[in-house]
There are 2 protein chains.
Amino acid sequence: MRVLGVDPGLTRCGIGVVDGAIGRPLGLVAAGVVRTAADTELPARLLGIEQGMEAWLDEHRPDAVAVERVFAQHNVSTVMGTAQASAIAITCAARRGLPVALHTPSEIKAAVTGSGRAEKSQVQHMVARLLNLDAAPRPADAADAVALAICHIWRGGAQDRVARAQQEFARKVEMARRARG
Amino acid sequence: MRVLGVDPGLTRCGIGVVDGAIGRPLGLVAAGVVRTAADTELPARLLGIEQGMEAWLDEHRPDAVAVERVFAQHNVSTVMGTAQASAIAITCAARRGLPVALHTPSEIKAAVTGSGRAEKSQVQHMVARLLNLDAAPRPADAADAVALAICHIWRGGAQDRVARAQQEFARKVEMARRARG
């Protein structure tokens with residue numbers, strides 16, 4: 001399973017692509033940022049994020065996209081831009097029919113460090129260790145996006161297994177109903 | 001000049017299309033809303049807004065798009081969805097190369113009523129009067145989008161005249177420079 005994680009932002013939109021499955025080693029495919037200039041008008045910045053996101057999706061063909069969930073109460077000065085960048089990333093993925101999942105910062109921290117209140121440095125340390133790298137990808141936004149992709153592989157995988165089990169159960173119930181009918 | 005105004009929202013995204021120019025009568029072309037169901041997942045809702053916006057742009061071919069500027073401090077419970085819907089509307093317009101302007105709620109109120117602190121009902125009353133209608137378009141989100149389009153025709157037109165005058169001045173300076181050189 002290949003997951004593209006997005007740590008949304010107008011100035012630096014972190015992107016991380018990870019291959020993996022539960023119980024298998026994780027592999028870093030690519031990490032980086034889509035940047036837009038702070039002195040550019042908002043329409044051009046959003047268009048730049050859309051074009052950057054499309055290029056990443058074209059190049060890496062992920063099976064799923066995970067985007068960090070944005071909350072209104074966090075950092076009021078940048079939250080609007082973050083929400084707008086996340087909308088663009090989500091829509092680019094949805095337009096291609098890719099499943100899109102939102103994970104909260106504490107879910108991401110808990111997935112990679114075991115604690116939802118871990119420090120940034122601890123998350124970066126674990127990202128490097130889990131991917132068998134000497135250091136976490138740079139800049140920090142790229143590392144955060146990689147952590148999000150890992151979180152999705154582990155959580156999303158579990159959610160997928162539950163969904164498949166439910167589908168299987170429903171199928172058996174339906175078969176039993178037809179056999180009786 | 002045909003302006004498409006957008007009052008962004010996830011549940012009801014108001015849209016109003018107005019023809020007009022400074023010193024000429026205004027004409028309402030169309031008004032309505034793009035709706036998405038509150039019980040739908042965010043990716044599908046954003047995609048629905050994108051598709052709705054594309055349909056309005058295809059049908060009415062505006063010369064410019066005006067979107068209400070969203071502030072973080074307003075109504076924290078819905079502001080994230082509003083910011084995300086606005087990002088989609090802005091990007092749809094920017095992708096077509098259309099000029100996109102953002103106007104604040106008080107700029108809109110001041111444009112149509114003369115007061116930046118006018119009541120909603122006063123804005124609706126003036127929208128109906130300015131467009132020579134018996135009543136303002138419904139629902140309220142559609143009327144707000146129409147008010148925004150009117151605001152843009154009056155304010156944007158003035159901004160365009162200033163920009164044209166500046167270009168003309170720069171052109172004359174350049175011609176004078178060449179004539180001397």
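In what follows, chains carry the letters A, B, and so on, assigned in the order in which the sequence lines appear, proteins first and then strands, with residues in each chain numbered from 1.
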Exercise for review: Mind ranking B:Ala87, B:Pro99, B:Ala85, B:Ala93 by heavy-atom pairs under 4.5 Å with chain A and telling me who comes out on top?
Suggested key: B:Ala87
Review point. Are any non-hydrogen side-chain atoms of A:Met80 and B:Val79 less than 4.5 angstrom apart?
Key: yes
Review point. Is atom CG of B:Asn132 surrounded by more than 12 heavy atoms (other residues, nucleotides or ligands) closer than 6.0 Å?
Key: no
Check your understanding: Distance from B:Leu46 atom CG to A:Ser86 atom OG, nearest 0.5 Å?
Key -> 7.5 Å
**Study point:** Separation of A:Thr91 OG1 from B:Ile49 CD1 (nearest 0.5 Å)
**Key:** 8.5 Å
Check your understanding: According to a 4.5 Å side-chain heavy-atom criterion applied to Ile, Leu, Val, Met, Phe, Trp and Tyr, with indirect links allowed, do A:Val29 and A:Val33 form part of one hydrophobic cluster?
Key -> no
Practice item. Heavy atoms only: give me the nearest A:Val100-B:Pro43 pair and the separation to one decimal. Key: CB-CG, 3.7 Å
Check your understanding: Where does A:Leu102 contact chain B at under 4.5 Å (heavy atoms): side chain, backbone, both or neither?
Key -> side chain
**Study point:** Worked check of side-chain contact (heavy atoms from CB on, under 4.5 Å) between B:Gln84 and A:Gln84
**Key:** CA-CA 5 Å; B:Gln84 292 177 315; A:Gln84 292 176 316; over 6 Å; no
Check your understanding: Around A:Arg96, counting heavy atoms of other residues, nucleotides and ligands shown, do more than 12 lie under 6.0 Å from its CZ?
Key -> yes
Review point. Is there a path of hydrophobic side-chain contacts, each under 4.5 Å between heavy atoms of I, L, V, M, F, W or Y residues, that connects B:Val146 with B:Leu26?
Key: yes
Check your understanding: Should we count CD of B:Glu119 as having more than 12 external heavy atoms under 6.0 Å?
Key -> no
Practice item. Assess whether atom CD of A:Glu107 is packed by more than 12 heavy atoms of other residues, nucleotides or ligands within 6.0 Å. Key: yes
Review point. Roughly how far apart are A:Leu47 CG and B:Ile90 CD1, rounded to 0.5 Å?
Key: 11.0 Å
